[in-house]
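To start, the structure under review is shown below, and the notes come after it.
Please read these numbers as outputs of a predicted model, since none were measured by experiment. Reminder, nothing fancy here: chain letters follow the sequence lines and each chain counts from 1. Below, all heavy atoms of this structure are taken into account, side chains as well, without hydrogens, waters or symmetry copies.
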Amino acid sequence: MDLDNNFSKSKTIASGIIPFTFVVVLMLYIFGPGADLLDLGIPLPEITIEKVDFIDSEIQVTVRNTGPISVEVVMADINDRIQPAAIEPDRFLERYETALVRIPFEWNVAEPYRIGLTIEDGTRFEKEIDAAAPALEPNFDLAIFFAIIGTYVGIIPIMIGLLWLPFIKRISKQKYHFFLALTVGLLLFLAIDSIEEAIAVSDENLAGSFNGTLLVVTVLVLSFLGLYYSGEKFIQRAASSKLSKPVAIALMISIGIGLHNFGEGLAIGAAVGLGSIAFSTFLIVGFALHNTTEGIAIAAPMSKGKGLVGKALIGKLVALGLIAGSPAIFGAWVGGFVYSPFTSVIFLAIGAGAIFQVIVILMKWIRDEGDKNLSSAAVISGIAVGMLVMYLTSILI
Amino acid sequence: MKFTRSGALIFFLSLTVIFSIIVIFPIVSEAQSEQKTFVTHSGSVIQTSGEIIDPVYTTTADPEYTEATVEFDPMKYLREFNYGKVSTLPDGKILREFTIIANDDQVMEVSPGIFFNVWTFNGTVPGPTIRATEGDIVRINFINNGAKEHTMHFHGIHPAEMDGVFEIVGSGGGQFTYEFEAGPVGVHPYHCHVMPLEEHIVRGLYGVFIVDPKESRPAADEMVMVLNGLDMDFDGENNFYAANTIPFYYQHHPIQIKTDELIRIYVVNMVEFDPINNFHLHGNLYKYYPTGTDLVPSFYTDMITLSQTERGIMEFEYTYPGKYLFHAHKVEFSEKGWVGIFLVTDDLEKNNQDIKYGS
């Protein structure tokens, strides 16, 4: 019996490995040494300028080899005029390797620049900067500045939104469902907004070889699945512990919104970093108004938390508000000091996945609460109004 | 249910690892090794731990990274004139015979680290400078070793069948003999005249043809400068401009001349795509003979404008020693390589020649 079991186990393993071995053999045949089956066509080199920093009398360019073959970066130019430059660590770039090109140049603030790099076959790659602005030096004052902006954008509006809690608590079940559905609408909008932003950033800054849209989708699904799995487990356990289910759901919403706000923080930090201060003022006002609605999203499920009163409730609300809001501060730091388009695409996609997960949990909850009915007037109008409110406040950004 | 705790732990651990990789990934390449310094155009000194990428012309030494098959020394080309194999014809005329071989598979390191497939006459861009005296018979044994059709079309006066336009010379060893009487006096270009013409020219199939007057011009330090451009990415715009092909060459390797010595430059503009080019000399003015056809200068200036294949002879002397720039005053061209320096030194040898040693 035991022997039999072992035998069938090894059979299973073998039958799992055999196709894999064939795949390896196939790969070796196609790509291995001496293989010239696919030696057709001409691979075109490609480099991508991912980042341009304007520092004192110098322009620093981060370049990545995003093509199928290794390249040499041999010349730099500013506005199509050749400039002597340095490249660190060296001019040879393997696939996906990056290098820093330092171009000494007396640049002028707020003027547009086209940065060009030429590789060994004479092909020139260009990146256009709309307005040059000094790169932010990470220092204490600036960190405080970003923290204050993050607080204005993230924490305070959400706290204000949470003040609707007593109101939501007193209304009828129908109206309560409306507010839950409203939250779904708000979140749906945020998720789509995050996806759009992630795809825009990847289109502008990432090379085609990253498959920007698919990268966003993959990270989004992974983030959704991961959070969905852990979220379910968390809510299950919350049900049997001192945390009530409404609080657990509110916490999931806070985490989802927190990840989203990290993305918003990145956008603000990057906008300040790129010197578009006027633009980022609008961004800050817009996000602040916009994020008040996020407070409602957290408050709605919380209002069903029985037995939470007084200090305990306020403490929980403050904690949830901080979880949802404070990532904006970290986002602003990251966006302002160590902005990398790749990182921000990833975080925006994770945020979108997190929000979709929250939407699913909320919908489930509405369905359980509302007698298995998702097509009531309250739910439908709630989602619709949520989307509309978000769209209207987003115009301000 | 027993796996929940450890399962969740593993899950969060792997999430953490993935996140840290995502964050660290873009900052992978770290700089190290020793410091190098270089001086920028505006004179500031920059230190780097990496490599310097500056079109100071030094050909890539490492054979692993050199694809170049063209050997071209702009300093040698500058003062190299080919008079051909000279013989006297029965009627007393001088015959000058040249062999010119066209090729289109050569690779040239046109700027440090940048390799370009050039099309060549006798293996270089520009092709050899052909020089004859007015009235000489020029005979060119032209061999086309390229993979495409090529011809040689001389500017000047010659019979129609010697014009190198309709007598296409086939690839892979096709031959043609061009023969004509050198004239008129002046400096002329020659180039391939096969369609698509623009491509055959910008790829490098051109050179200079000088016809000296019978009464030779006064002795001088003579040079040839072909003003040309290179379109590396085939977008119909030049990426490089130069005097004699290599951008910035004479800036990093100044042309040494002497004070009070007559300098004569045969300048030919072969730049395509851009309608005009020009030549500005610092600290001096020159006498300019358009096309070199007249022995009396037309202008005394420091700035001439040249359209396609427009050319001429400039003559000047420097009084004061030092470094003098010459460049296109269409500054875009000079910032893309069409710039050079004359290093003028006091002519000590001239004085020394008067001193007789020994005997």
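- Taking the six-membered ring for Trp and the full ring otherwise, the centers of B:H327 and B:W338 sit at least 6.0 Å from each other.
- With a 4.5 Å cut-off on non-hydrogen atoms, A:I119 touches chain B through its backbone but not through its side chain.
- Contacts of A:S57 with chain B are absent, with no heavy-atom separation under 4.5 Å from either backbone or side chain.
- Between A:F330 and A:W333, the two ring planes are perpendicular [angle over 60°; tilted spans 30° to 60°].
- Annotation: salt bridge (charged side-chain N to carboxylate O under 4.0 Å, His left out) contacts involving residues 348-358 of chain A, sequence neighbours excluded, are absent.
- Heavy-atom distances place both the backbone and the side chain of A:D80 under 4.5 Å from chain B.
- Ring geometry for B:H200 versus B:W119: interplanar angle over 60°, hence perpendicular rather than tilted (30 to 60°).
- Under the 3.5 Å distance criterion, the side-chain polar atoms of A:R64 are left unmatched by any main-chain donor or acceptor of A:I47.
- By number of non-hydrogen pairs under 4.5 angstrom with chain B, the leading residue of A:D90, A:T123, A:V101 is A:D90.
- Among A:A76, A:A85, A:G122, the residue making the largest number of heavy-atom pairs under 4.5 Å with chain B is A:A85.
- Residue contact with chain A, scored on non-hydrogen atoms closer than 4.5 Å, involves the side chain of B:F240 exclusively.
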